[in-house]
Trainee: 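Starting off with a structure, shown below.
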Amino acid sequence: MRDPVLTFTPNGIYCPAGDFHIDPWRPVDRAVITHAHSDHARAGHRRYLATPGTAPVMRHRLGAIDVQTLAYGVPQTIGGATVSFHPAGHLPGSAQVRVSVGGQVWAVSGDYKLGPDGLSEQFEPVRCHAFITECTFGLPVFRWRPQSEVADEINAWWAANAALGRVSMLGAYSLGKAQRLLALLDPSIGPILTHGAVENTNAVLRAQGLPLPATELVTDAHSAKTHPRAIVIAPPSALGSAWARRFGAASTGFASGWMQIRGIRRRRAMDRGFVLSDHADFTELMTAIRETGAERIFPTHGYTDIFTRWLSEQGYQAEAVPTEFGTEEEEA
Amino acid sequence: MKDFAALFQAIDQSTKTTVKTAALAGYFRTASDPDKLWTIALFSGRRPKRAVTTTQLREWAAEAAGLPLWLLEESYPIVGDLAETIALILPPPSAIANKPLHQWITDLKALASEDLDTRKAHILAAWDQLDTAERFLFNKLITGGFRVGVSQKLMTRALAQATGQEEPAIALRLMGNWTPDTTTFHALIEAQDNGADLSRPYPFYLAYGLETAPEELGDPADWQAEWKWDGIRGQLVLRGGQHFVWSRGEELVTDRFPELIAARDFLPPGSVLDGEIVAWDGTAPLPFNTLQQRIGRKTVPKKLLRDAPVVFLAYDLLELEGRDLRDAPMAGRRAALEALLAPLPNTAPVRLSPVIPFDTWADLAAIRAAARDARAEGLMLKRRSSPYQVGRKKGDWWKWKLDPMVIDAVMIYAQSGHGRRANLFTDFTFAVWDGDTLVPFTKAYSGLTDEDFGKITAWVRKNTRQRFGPVRQVAPELVFEIAFEGIHESPRHKSGLALRFPRMSRWRQDKPASEANTIDDLRALLTAYS
Ligand SMILES: [Zn+2]
Ligand SMILES: [Zn+2]
């Protein structure tokens, strides 16, 4: 029996041949990072390897860190392993990691989705022997509709509020979901305002050439009176805060894959829940897994036990992997 | 079905009562009479006779989705609702049918007399003609439980707005034993004479918990105090030589309490009494868990009738000689009630719940402190001048309950919640120390904020020791204060004890597990209070 290319340690996913970790959750010497979300790109590692799209956001979030960048599809040798990044479609710059050791190829999906969102580099399947896949939405009750339908829903909601002179406040994770929503909005309806956390991230992404519509940072000069037709994009936590009060009796919305479930929609206590996720739905997960050609599948990050049993019944050699990634309800 | 689905979504999506009421009133102004009648029925917990079992629904849905049944079963607790789970896993419909709500229901009812294959074919065809939102509602027609999100109060208000009637009048019309098969929208809501239903109870008047010091209620002489019993609130309706027993949930429970039939021997027709059904040892109420054995049993075995007999402790009189007394002051109703019950022998199943005399609020506070000795859970305070109102109203009636008992316990198992809290760990098992081992003694799943549940969920993920299906054994580190209303012996529990209404009252982040309470502390509470 050959040694495994990747192992699962208390620090996270580890490659013995290359002596590096992928998205480790405790400080390590060398970290290969799939994307800049905080539960994947943590502070405290000595050296980071990331895509050119991920590095600037990571620097923005983590400050002065030692990052080496590596473009998609370019192999790099680290010790006895060859590593390359491949688009994951999760958010701009997000990557899967392909690791090859002595002819054995393993791939780590990070977070991913298959559907195009107009901003992120589109997901590319990676042929491999073993695939470590997220399964945040690995249940058949999760099935996404096409992005254009959700965009119509959001714009219709915004337009209806604007007609009533009521501000629309849309909660979205400041990295990824916020920019995806910005690109879906119809600017002819009214002005697009942003919370500072979103606008800071916008600035980093605009500097990399990402095409985002014009936005205005919310200041003390903004209120329901001055901008009655506006939509405000803000982190979900800001929606119920004192900061939001300037917009009066605004209509509130939240965009996430979790909004598929009525109970969770109700818990959020928002006026509207839009089902829009940056993760793969059940069908996409199955497609992605099939296209890797892998026989060994390691589900992680989600309903791993259920999903693993399902994969086993489908003939895969599947084994759940415990992780310390967050619940990501905010970003999902 | 489209307008009904739109109504449901408008109600479900909004967190504002005014928006919900407006949506419902709008629907009641425009929908057809049969659709309106069914909407009222569904939102008040009535549903068509079940033509298909939920087991069949699950099997057919899994088959239609091309998934193993277990995967549907595992998804169900995460979604928290079977009707929704099925609606979500089915493949998209091939065409959308344009059938009104009442027609779907009529077709469903007709299925009851069909063979299994026909029923299955009908359900599969229906699923294939409905979008996800409509499918969810169609499934709800079968599984029941439309009540979510629409209170009786909200529906009453919307109907009042749509028809121009007063809310109490609508509330009274909605009470009773009607079904859409026995009435029409016109007869139920609009017709002049709708007093034909002998069984009809009055809407219950419900009290709020007292939040201030009783002194703020003013002169004690204006108030009547009674024990607050730990039983089932009910109305005993005697009309036309028959008797009917209603629970506060507007459920007709006459058959569950056969001893109350003897009320007919002692009380005249045209009487309606408000009171508490309690298990009775001949002189005082028995603990609630004795009564609990009677709840949910439609037919009562002889032994249980002997071991847990019930009586009706009456505290208000709503109708006498066929006259509605609700506008009369509490003091007057009380006098009439006492006069009515005075001649009754000790053996009658209806007894007067006593009024507690007191002169000062301080006296009453001392009496309240001894409520457990009277087998009560506190006091009721009722303004002597108050009419009998509809629903939960502040001002005239107050519950003044005893403070709950509390114990500090260690969390040892965690399970994810349902519905609203499907992606959080919210259902916990708690243990107390017995020497150096932890003995589980209760489960609790409410009392904390979503924010706390979020933190605990993250902690559970990192501190799972073992998994048993959906249950996780966690490191015994977190301490919670568990509040409860009663404690009794229970051979079914490992600890030999069971709690009444346990909930988490505080997360004791200040306490290490070693400082949690012991099984002896619990036993001491048991001896002190039962
Ligand atoms: Zn993630
Ligand atoms: Zn992510």
Side-chain angles (χ1 to χ4, degrees), chain A residues 10 25 39 136-145 157 237 240 249 251-254 256-275 281-283 286 301-314 320 322-330 332, chain B residues 8-10 12-16 18-19 61-62 65-68 70-81 83-92 131-133 136 148-149 416-426 450-451 453-454 457-458 460-464 467 469-470 472:
Chain A
W25 44 76
D39 55 333
T136 307
F137 293 110
L139 291 178
V141 292
F142 296 106
R143 192 179 321 126
W144 314 145
R145 290 183 300 136
W157 166 71
S237 56
S251 180
T252 53
F254 184 54
S256 158
W258 294 111
M259 294 297 102
Q260 179 90 302
I261 305 288
R262 178 168 168 260
I264 301 176
R265 245 178 0 245
R266 292 169 64 84
R267 175 156 68 81
R268 276 278 165 186
M270 300 270 183
D271 294 319
R272 291 294 297 269
F274 301 102
V275 185
D281 70 6
F282 188 72
T283 316
M286 293 312 293
H301 206 318
Y303 297 103
T304 48
D305 295 357
I306 301 170
F307 195 62
T308 301
R309 180 173 167 197
W310 160 251
L311 288 178
S312 305
E313 288 188 6
Q314 302 303 301
T323 63
E324 288 184 21
F325 296 123
T327 62
E328 292 195 38
E329 200 192 322
E330 300 298 325
Chain B
F8 186 85
Q9 256 165 346
D12 203 40
Q13 270 171 359
S14 182
T15 51
K16 300 178 183 89
T18 48
V19 174
L67 295 169
W70 72 261
L71 188 50
L72 184 153
E73 303 281 9
E74 289 278 2
S75 303
Y76 168 30
I78 292 158
V79 175
D81 184 289
E84 185 184 355
T85 308
I86 290 174
L88 290 173
I89 67 157
L90 290 168
D131 69 22
T132 309
F136 166 64
V148 210
S416 51
H418 288 220
R420 224 166 69 79
R421 286 171 165 165
N423 54 353
L424 293 177
F425 285 97
T426 60
D450 281 347
E451 193 188 334
F453 280 127
T457 296
V460 167
R461 289 212 165 92
K462 285 187 194 168
N463 291 280
T464 298
R467 295 181 181 203
R472 298 191 180 203

Trainee: In Å and rounded to the nearest 0.5 Å, what is the CD to CZ distance from B/Q13 to A/R262?
Mentor: 11.0 Å
Trainee: Which region of B/E84, side chain (C-beta onward) or backbone (N, CA, C, O), has a non-hydrogen atom less than 4.5 Å from a non-hydrogen atom of chain A, or is it both or neither?
Mentor: side chain
Trainee: In chain order, what residues pass the side chain to side chain contact (heavy atoms under 4.5 Å, CB included) check against A/R309, with sequence neighbours excluded?
Mentor: A/E313, B/W70, B/E74
Trainee: Should A/F142 and B/I89 count as side-chain neighbours, where that means a heavy-atom distance under 4.5 Å?
Mentor: no
Trainee: So do the side chains of A/L139 and B/V79 get within less than 4.5 Å of each other, counting heavy atoms only?
Mentor: no
Trainee: Relative to chain A, which segment of B/L90 carries a heavy atom at a distance below 4.5 Å: side chain, backbone, both, or neither?
Mentor: backbone
Trainee: Under 4.5 Å, counting heavy-atom pairs only, tell me which of A/M270, A/R265, A/R272 racks up the most with chain B.
Mentor: A/R272
Trainee: Decide yes or no for A/I306 and B/I78: does some side-chain heavy atom of the first lie under 4.5 Å from some side-chain heavy atom of the second?
Mentor: yes
Trainee: List for me each residue that meets side chain to side chain contact (heavy atoms under 4.5 Å, CB included) alongside B/P91, sequence neighbours excluded, and say none if there are none.
Mentor: B/A65
Trainee: If we only count heavy atoms from C-beta on, is the B/S75 to A/Y303 side-chain gap below 4.5 Å?
Mentor: no
Trainee: Do A/Q260 and B/L88 come within less than 4.5 Å of each other through their side chains, counting heavy atoms only?
Mentor: yes
Trainee: Less than 4.5 Å apart, side chain to side chain, heavy atoms only: is that true for B/L67 and A/F282?
Mentor: yes
